[in-house]
Enquirer: 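Have a look at the structure that comes next, please.
Side chains are part of it too, since the values below use all heavy atoms of this structure and drop only hydrogens, waters and symmetry mates. From a predicted model like this one, the values you see are computed outputs, not experimental measurements. Order of listing sets the numbers, starting from 1, for every ligand and every atom in it.
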Amino acid sequence: MEEMQNVASMPLIGDKAPAFHAITTQGEINFPEDYVGKWVILFSHPADFTPVCTTEFMTFASMSDEFKALNTELVGLSIDSLYAHIAWLRKIQEIEWNGMKNVEVKFPVIEDIKMDVARKYGMVQSQSTTQAVRAVFVIDPNGIVRTILFYPASTGRNFDEIKRVVLALQKADAENIATPANWRPGQDVIVPTAGSCGTAKERMENQSEEQYCLDWFLCFRKEKK
Ligand code: BEZ
C-alpha cells in the first residue's frame, strides 16, 4: 500500500493532455481546449515566494514575446493560493536580476493549493508531498503531450533549452526531419532513415551539397533557404 502511494500518475509523450478547469491569475481556464491551435508550455513550481522559482518566473516572463512569436503560450502552476500568486507576481515586478527589471508576468499562473492539477500531471513526486517538482510539459496544437522535462527543486531550468525543444518539434512536424544532438536553428537536420535497400543505396550514391550521408542510416540535409 505504501509503495502504491509513491506511484505518480501522469500523461506520457503521445498522450492527450489531461483536461482540467482552473482558476489562474488571468481568470479561469479550461485546459487544453482553450489552447487548441496553439503550442503550450505547462510548467510547475514548488511554491510561491521561493528564490529559484522567482528567477525562473522572471526569465520565462521576459521571454514570453519570443514564445508568442512561435505560437506558443505559457501556463504556470504553483502549489499556492491565487492571492499568494498575485502578491508574488507583484513582488517579482519590483525585483531586478540578471538585467531583468519591471518584469510583468502576463501568462496565467494556476492556483493549485489542493494539488489537483499537479497530481494529474505527475508533478507531485517523492521529493515532497506538499510541493511540485519543476515539470515542463510541451503540448502541441492538438492537445498532445510532445515533451516532458522534470527538474528537482534545487535546479533552475534552462529556458533556452525549452525554446529549442519547441523550435525542434515545430521543425520536425513541418519538414518531416529530426534534429541532431545540440541542434540549433540554422544547422543541418537529419532526414528519415532509408526504408529500403534501394533508397539506402541511392542516398549513398547521390550525395550533394544539400544532402549528404555519413552512412546509409545517417543522412543530413542543409537548412532550407
Ligand atoms: C526555490 O524555488 O528556491 C526552491 C523551492 C523549493 C525548494 C527549494 C528551493
Side-chain angles (χ1 to χ4, degrees), residues 2-3 5-12 17-18 20 22-27 29 31 39-68 72-139 145 147-166:
E2 208 173 301
E3 264 177 31
Q5 282 170 350
N6 285 336
V7 179
S9 99
M10 56 175 280
L12 302 176
F20 61 83
I23 292 169
T24 83
T25 50
Q26 300 290 328
I29 60 170
F31 197 89
W39 289 80
V40 180
I41 300 172
L42 173 66
F43 56 101
S44 60
H45 293 270
D48 292 2
F49 291 100
T50 45
V52 178
C53 297
T54 297
T55 61
E56 291 193 314
F57 259 74
M58 292 179 80
T59 308
F60 237 161
S62 300
M63 293 172 75
S64 56
D65 286 346
E66 293 174 48
F67 282 103
K68 275 226 182 312
T72 302
E73 298 293 324
L74 306 177
V75 179
L77 176 152
S78 177
I79 308 292
D80 247 312
S81 70
L82 180 66
Y83 301 121
H85 288 357
I86 293 169
W88 186 31
L89 300 190
R90 286 173 65 89
K91 181 50 74 185
I92 283 173
Q93 208 166 351
E94 293 170 12
I95 292 172
E96 235 180 286
W97 176 72
N98 218 16
M100 293 174 273
K101 62 178 182 183
N102 194 23
V103 175
E104 194 180 346
V105 176
K106 293 184 184 148
F107 53 79
V109 183
I110 296 168
E111 168 187 66
D112 200 26
I113 193 88
K114 291 191 185 152
M115 300 191 280
D116 292 335
V117 178
R119 285 216 176 85
K120 275 192 173 175
Y121 278 80
M123 293 165 172
V124 186
Q125 302 191 3
S126 300
Q127 153 195 285
S128 167
T129 52
T130 56
Q131 294 188 329
V133 295
R134 298 184 196 286
V136 180
F137 287 83
V138 181
I139 296 163
V145 174
T147 299
I148 303 170
L149 304 168
F150 284 121
Y151 294 69
S154 58
T155 308
R157 284 162 279 207
N158 182 327
F159 292 91
D160 291 330
E161 168 61 3
I162 295 168
K163 183 178 170 188
R164 192 190 74 93
V165 168
V166 172

Enquirer: Show me which atoms of ligand 1 lie under 4.0 Å from any heavy atom of Cys53.
Expert: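 Answer, ordered by atom number: 1 (C), 2 (O).
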Enquirer: Hey, what's the ring geometry for Phe107 with Phe60, parallel, tilted or perpendicular (30° and 60° as the breaks)?
Expert: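 Correct class here is perpendicular.
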Enquirer: Any nitrogen or oxygen of Ser154 lying under 3.5 Å from a nitrogen or oxygen in ligand 1? Just yes or no.
Expert: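 N/O-N/O distance under 3.5 Å: no.
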Enquirer: Quick one: does Arg134 get within less than 4.0 Å of ligand 1, heavy atoms only?
Expert: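 Flag set, Arg134 near ligand 1.
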Enquirer: Quick one: which of Thr54, Ile79, Thr50 has a heavy atom closest to atom 5 (C) of ligand 1?
Expert: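 That would be Thr50.
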Enquirer: Could you list the atoms of ligand 1 found under 4.0 angstrom from a heavy atom of Ala153?
Expert: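 Listed by number with element: 6 (C), 7 (C), 8 (C), 9 (C).
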Enquirer: Do Ser44 side-chain atoms and Val133 backbone N/O form a donor-acceptor pair below 3.5 Å?
Expert: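 Confirmed, Ser44 side chain pairs with Val133 backbone.
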Enquirer: So Ile148 and Met10, side chain to side chain contact (heavy atoms under 4.5 Å, CB included) or not? Walk me through it.
Expert: CA-CA 10 Å; Ile148 303 170; Met10 56 175 280; 3.9 Å; yes
Enquirer: Sub-3.5 Å donor-acceptor pair from the side chain of Thr50 to the main-chain atoms of Val52, do we have one?
Expert: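 No, the answer is negative, given that no donor and acceptor are paired below the 3.5 Å cut-off.
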Enquirer: For Pro46, counting its heavy atoms only, list the atoms of ligand 1 lying under 4.0 Å from any of them.
Expert: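 Per the distance check, 5 (C), 6 (C).
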Enquirer: Take His85 and Asp48, measure what side chain to side chain donor-acceptor pair (under 3.5 Å) needs, and give me the verdict at the end.
Expert: CA-CA 7 Å; His85 288 357; Asp48 292 2; 2.6 Å; yes
Enquirer: Counting non-hydrogen protein atoms only, what is the nearest one to atom 3 (O) of ligand 1? Give residue, atom name and distance.
Expert: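 Going by distance alone, atom 3 (O) of ligand 1 is nearest to Val52 N, 2.6 Å.
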Enquirer: Using the six-membered ring wherever Trp is involved, compare the ring planes of Phe137 and Tyr121 and label them parallel, tilted or perpendicular (cut-offs 30° and 60°).
Expert: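 Ring orientation of Phe137 relative to Tyr121: perpendicular.
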Enquirer: Can you tell whether the side chains of Glu94 and Lys101 come within less than 4.0 Å, N to carboxylate O?
Expert: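 Judged by the 4.0 Å cut-off on N to carboxylate O distance, Glu94 and Lys101 do not form a salt bridge.
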Enquirer: Could you tell me which atoms of ligand 1, counted from 1 in the order shown, lie closer than 4.0 angstrom to a heavy atom of Pro51?
Expert: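 The atoms of ligand 1 under 4.0 Å from a heavy atom of Pro51 are 1 (C), 2 (O), 3 (O).
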Enquirer: Backbone, side chain, both or neither: what part of Gln131 comes under 4.0 angstrom of ligand 1, heavy atoms only?
Expert: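 Answer for Gln131: side chain.
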